[in-house]
Amino acid sequence: MSMPTLKLSGLEPLIITKESNFVNIGERTNVTGSRKFLRLIKEGDFDAALSVARDQVEGGAQIIDINMDEGMIDGKEAMVKFLNLIASEPDICRVPIMIDSSKWEIIEAGLKCLQGKGVVNSISLKEGEENFINQATIIKRYGAAVIVMAFDEDGQADSYERRIEICERSYNILVDQVNFSKNDIIFDPNIFPVATGMDEHNNNAQDFFNATKWIRTNLDGAHVSGGVSNVSFSFRGNNVVREAMHSAFLYHAIQNGMDMGIVNPTMLEVYSDINQTLLNHVEDVLLNRRPDATERLLDYAQTVKGDRKKREVDLSWRENTVQKRLEYSLVKGITDFIDEDVEVCRKEYDRPIQVIEGPLMDGMNVVGDLFGSGKMFLPQVVKSARVMKKAVAYLLPYIESEKGGEFKFSGKVLMATVKGDVHDIGKNIVSVVLGCNNYEIIDLGVMVPPEKIIKSAIDENVDIIGLSGLITPSLDEMVHVAKEMQIAGLKIPLLIGGATTSRVHTAVKIEEHYTNDSVVHVLDASRSVTVAESLLGSKKIDFTNKLREEYSKLRENHKKHQKAKILIPIASARKNKLSLDFSTDEIKKPKKLGITSYIDFPLKKIVDYIDWTPFFQTWELHGRFPKILQDEVVGKEAKKLFSDAKEMLNKIMEEKWLTSKVVIGLFPANSVGDDIEIYDPEDQNKCIHIQRTLRQQTKKAPGQANFALSDFIAPKESGIKDYIGSFVVTSGIGLDEIVAKFESDHDDYNSILLKALADRLAEALAEYMHEHVRKELWGYSSNENLDNKELIKEKYQGIRPAPGYPACPDHQEKIGLFNLLNATDITGVTLTESLAMLPVSSVSGWYFSHPKSKYFGLGKIAKDQFLDLANRKDQNAASIKRWYSSILIE
């Protein structure tokens, strides 16, 4: 049997394998699943409808389901229009699209609009084999995957036997007659309600579980999906029971092979935390374990209506053996009794090292199993690591005083943030997760040059090297490190990770330069253990062979994709620039021109401006705030994390852990082609800085412009004086000192928590200051009155793009911005050689005020624009080429 591997893509790939976590499909862009979305489509408000799609992607949906089946709208027209709009929104179309319709004409129209590889939902045998084959053939021609309903000419499958009969028949037709890829077949074997009072429904859930297992065992390569909330319809109105049913159903479905589906965002306890009596009653029903299961659950449900009560502190676990107490402390992240229990345990064993090798590692194995099976989440694992480190620290003096005291690790991993980059939260999280799974970590920190990475790897005799980076110049630095490792003759697997990295970049840019061993892109911390085990165990040869084959295909696809991109000459793009009205009515002179600074700005003023969604994403808890606090899978842990964050926020403010600093500049300005001339406020004929902007070169549909940021500033030849703003803010002064204290106490959890909060405070400070500029310093929106939700959704006039981000990916522009503001002297923020900002919790950018200014993605540029830019900057093209490698197509 081959490993089921479903490869989908929007602008970014989504690879679903046996090791992947459950894939969440967002359904809020379905007119049958969202009243709001239906209303927006009916009213023709497609811009607002795009926001619904964007919210889903930002909230963690890995696929978005789009359905336009409603009697009062033209479904085909709406589907085509919406998909075309999505195609021009990189932050939405980065994920795969599921075209969902009961009407074939809508599905086929939608397929013509997809970029990347999507999914069709759905086809079935209900209209006979000929129609089924015809539809599947067309879907295959368009390169999409397909969901197949367990439905045939005789109706919907409602038993185990009917489910496997229809699925097997459908599979054989698809594979043998249509030559459809096995891995692109997804079955929906029908989730029906249980506990309905009808005997024929008693085995509905068990039939689904059994059918799912049969499909994954017998239909090579196929996947299974479904809508979980259907199972609990009999208990509408009783959320406590529904929560338990959804959790238990999902647990058993995943155990049997269900790997994707729609899970409604209602509150749900972690499976292992469900009240045991309730769980027994629920599983009696789901698994059909006794004939009176329905009646017993109905009776019990009457006793658990309403909200769950708050649990009191339970110390009964302290009555267990010391080994079990250590396991409990590790799983729950409790440090209160760790020294006491480790000391008791030390006296029970002959040697102190045996405490680590025995009960402590046994406990960490439980943590690893729970994390791997989705029953624990990253914040919990980091807390477990804190307990483990404190236990080891307690034992270390005893081990060192004993001859021959040595602990055997599963492997030694060197971790480093590459030269020029200062971001390390992701690296630290990966280190913690690997450490929890018995890997020794050598952490070289941030801004580490290649020679130090290579020397340390040799001196420490490491088994794996892990490189991390956030800013785009880090991508080139990783390539450089790979080349140097090849020259040095290292034969050590190389892991690549960080927000700007990708499987495609790793395959196309890095792997070819380091052929001595494997190069592996690691998407997030949850995948790191599986990768490390594969690289160091008996599976390495198979793993690396499959990886090289996969990366080879990625390179081929990338090459084809690049050739398929249509870039127009820069001269043509400039002719298609955005033309705006720059009348005096549209332009407001700032109330205060020049530089304004705020030293030690009160953090209490910006707390309400925090956007919490990215905070949870840092911890790999995906969902939009505040809905994530009620999420059925991660809600419970999200609440705990949020509580810890608020408690630390209070300490930050009360004990003045962090200092914030701000510098803002407002200047007269005009555009000259793709450049923006910035003038001295005291002498508006004196140009003090020129900001160079880049223009979109992708061929646009008729009526759509090729944007550049300079389009939002009045042209110099118009004779109209316009204005531009700039800023640098930081909330990271003092961060390193507090982090060092936590790390000296082996407290990774609070160290990462503080860094994540400092980042959020910096963004909140930038948001607050932008509002202050709009309403006070510039004053073009003096009557603005928006709440934080509206600020996060950017409902205000104007934009604040930052160098290095999609609208202006040129990091070099930071140099002029910092000089213009004298930012380093005023705020203490400096730029590294790769133009990352120090302190890391800092934000910089530009202010544009025009009502039509908007964020956009630059996309790729051609060589003609790059050479033109080098000429405008009066720089040698070869010397600056590395800064543009991620966006340049030659």
Side-chain angles (χ1 to χ4, degrees), residues 10-11 26-59 61 64-70 72-95 97-100 106 109-110 113-115 576-581 586 611 613 624 627 696 698 700-709 711-712 767 770 774 781 784-801 805-807 848-859:
L11 294 179
E27 65 166 351
R28 307 313 295 169
T29 44
N30 184 324
V31 294
T32 66
S34 168
R35 291 181 182 178
K36 176 183 177 181
F37 186 72
L38 172 60
R39 175 179 57 79
L40 294 173
I41 296 299
K42 278 185 174 181
E43 294 173 355
D45 191 351
F46 281 82
D47 285 341
L50 284 174
S51 296
V52 175
R54 186 176 290 104
D55 286 348
Q56 286 193 113
V57 177
E58 291 175 354
I64 55 173
D65 177 276
I66 299 174
N67 182 297
M68 298 292 182
D69 289 1
E70 208 280 335
M72 298 304 292
I73 61 176
D74 184 331
K76 180 178 177 182
E77 180 184 347
M79 178 68 78
V80 169
K81 182 173 182 179
F82 193 63
L83 289 176
N84 284 335
L85 288 171
I86 282 178
S88 63
E89 299 287 341
D91 51 343
I92 302 175
C93 66
R94 65 183 180 83
V95 303
I97 303 295
M98 181 178 286
I99 301 173
D100 184 354
I106 296 179
C113 302
L114 284 191
Q115 55 184 349
N576 192 42
K577 66 175 289 187
L578 180 67
S579 295
L580 296 176
D581 175 22
E586 298 287 3
D611 179 2
T613 298
R624 288 192 65 77
K627 288 183 180 179
Q696 294 175 325
T698 307
K700 296 300 186 79
Q704 294 185 11
N706 289 80
F707 287 102
L709 286 173
D711 294 346
F712 304 137
E767 193 70 81
H770 192 193
R774 294 191 304 270
S781 291
E784 177 185 295
N785 185 23
L786 302 175
D787 60 25
N788 192 41
K789 188 176 181 181
E790 291 170 312
L791 291 174
I792 290 170
K793 292 190 173 183
E794 297 160 0
K795 298 293 185 182
Y796 44 75
Q797 177 182 324
I799 57 174
R800 56 173 179 92
Y805 283 77
F848 293 83
S849 68
H850 196 283
K852 295 291 180 65
S853 61
K854 59 180 284 187
Y855 293 103
F856 59 89
L858 176 74

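Heavy atoms only: backbone and side chains are in, while hydrogens, waters and symmetry mates are out. Just so you know, residue 1 is the first one in the sequence shown, and it goes up from there.
Under the rule for a salt bridge (charged side-chain N to carboxylate O under 4.0 Å, His left out), K700 has no partner lying at least two apart in sequence or in another chain. Checked against ring-ring contact (aromatic ring centres under 6.0 Å, His included), F37 has the following partners two or more places apart in sequence or in another chain: F82. Evaluation of the ring-ring contact (aromatic ring centres under 6.0 Å, His included) rule for F707 yields F856 as partners, not counting sequence neighbours.
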For this session: Starting from the C-alpha separation in whole Å, work towards a yes-or-no answer on side chain to side chain contact (heavy atoms under 4.5 Å, CB included) for L791 and D787.
Result: CA-CA 6 Å; L791 291 174; D787 60 25; over 6 Å; no

For this session: Check the pair I66 / M79 against side chain to side chain contact (heavy atoms under 4.5 Å, CB included), numbers first and verdict last.
Result: CA-CA 8 Å; I66 299 174; M79 178 68 78; 3.7 Å; yes

For this session: Evaluate the criterion side chain to side chain contact (heavy atoms under 4.5 Å, CB included) for residue pair H850 and L580; output intermediate values, then yes/no.
Result: CA-CA 9 Å; H850 196 283; L580 296 176; 3.9 Å; yes

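Within 6.0 Å of the OH atom in Y855, the count of heavy atoms belonging to other residues, nucleotides or ligands exceeds 12.
Here CG of L786 is found 10.0 Å from NZ of K795. Values are rounded to the nearest 0.5 Å. For the atom pair CD1 (I97) and CD1 (I92), the distance works out to 8.5 Å, reported to the nearest 0.5 Å. With values rounded to the nearest 0.5 angstrom, D69 atom CG is found 8.0 Å from N30 atom CG. Rounding to the nearest 0.5 Å gives a distance of 9.0 Å between CD of Q797 and CZ of R774. Expressed to the nearest 0.5 Å, how far CG of L709 lies from NZ of K854 amounts to 12.5 Å. For the atom pair L11 CG and R94 CZ, the distance stands at 9.5 Å (nearest 0.5 Å).
Under the side chain to side chain contact (heavy atoms under 4.5 Å, CB included) rule, K42 has a single partner from L40, L38, D45, which is L38.
For R39 and E43, the salt-bridge test passes: some basic side-chain N is under 4.0 Å from an acidic carboxylate O. Of the charged side-chain nitrogens involved, at least one lies within less than 4.0 Å of a carboxylate oxygen, so that R800 and E767 count as a salt-bridged pair.
Side chain of E70 to main chain of G75: no donor-acceptor pair is present (N/O by atom type, distance under 3.5 Å, no hydrogens or angles). Judged by distance alone, with hydrogens and angles left aside, the side-chain atoms of D711 form a donor-acceptor pair with the main-chain N or O of L578 at under 3.5 Å. Between the E784 side chain and the S781 main chain, no donor and acceptor come within less than 3.5 Å of each other. Here the side chain of Q115 pairs no donor or acceptor atom with the backbone of G10 at under 3.5 angstrom. A donor-acceptor contact shorter than 3.5 Å links the side chain of N706 to the backbone of T698. Distance alone, capped at 3.5 Å, is enough to place a donor-acceptor pair between the Q696 side chain and the G857 backbone. Counting only distance, with no hydrogens or angles, the side chain of N67 and the backbone of D100 share a donor-acceptor pair below 3.5 Å.
Listed here is the closest heavy atom pair of C93 and A87: SG-O, 3.8 Å. Closest approach of I799 to F712, counting heavy atoms only: CD1-CE1, 4.0 Å. In terms of heavy atoms, N576 sits closest to Q704 at ND2-O, 2.9 Å. What you find for E790 and N785 is that their closest heavy atoms are OE1-O, 4.2 Å. Across all non-hydrogen atoms, the minimal contact from A49 to I41 is CB-CD1, 4.0 Å. In this structure, C113 and L83 approach most closely via the heavy-atom pair CB-CB, 3.8 Å.
Within the 4.5 Å cutoff, no side-chain heavy atoms of L858 are placed close to those of P806.
For K81 and F46, the positive end sits near the middle of the six-membered ring, less than 6.0 Å away and at most 45° from its axis.
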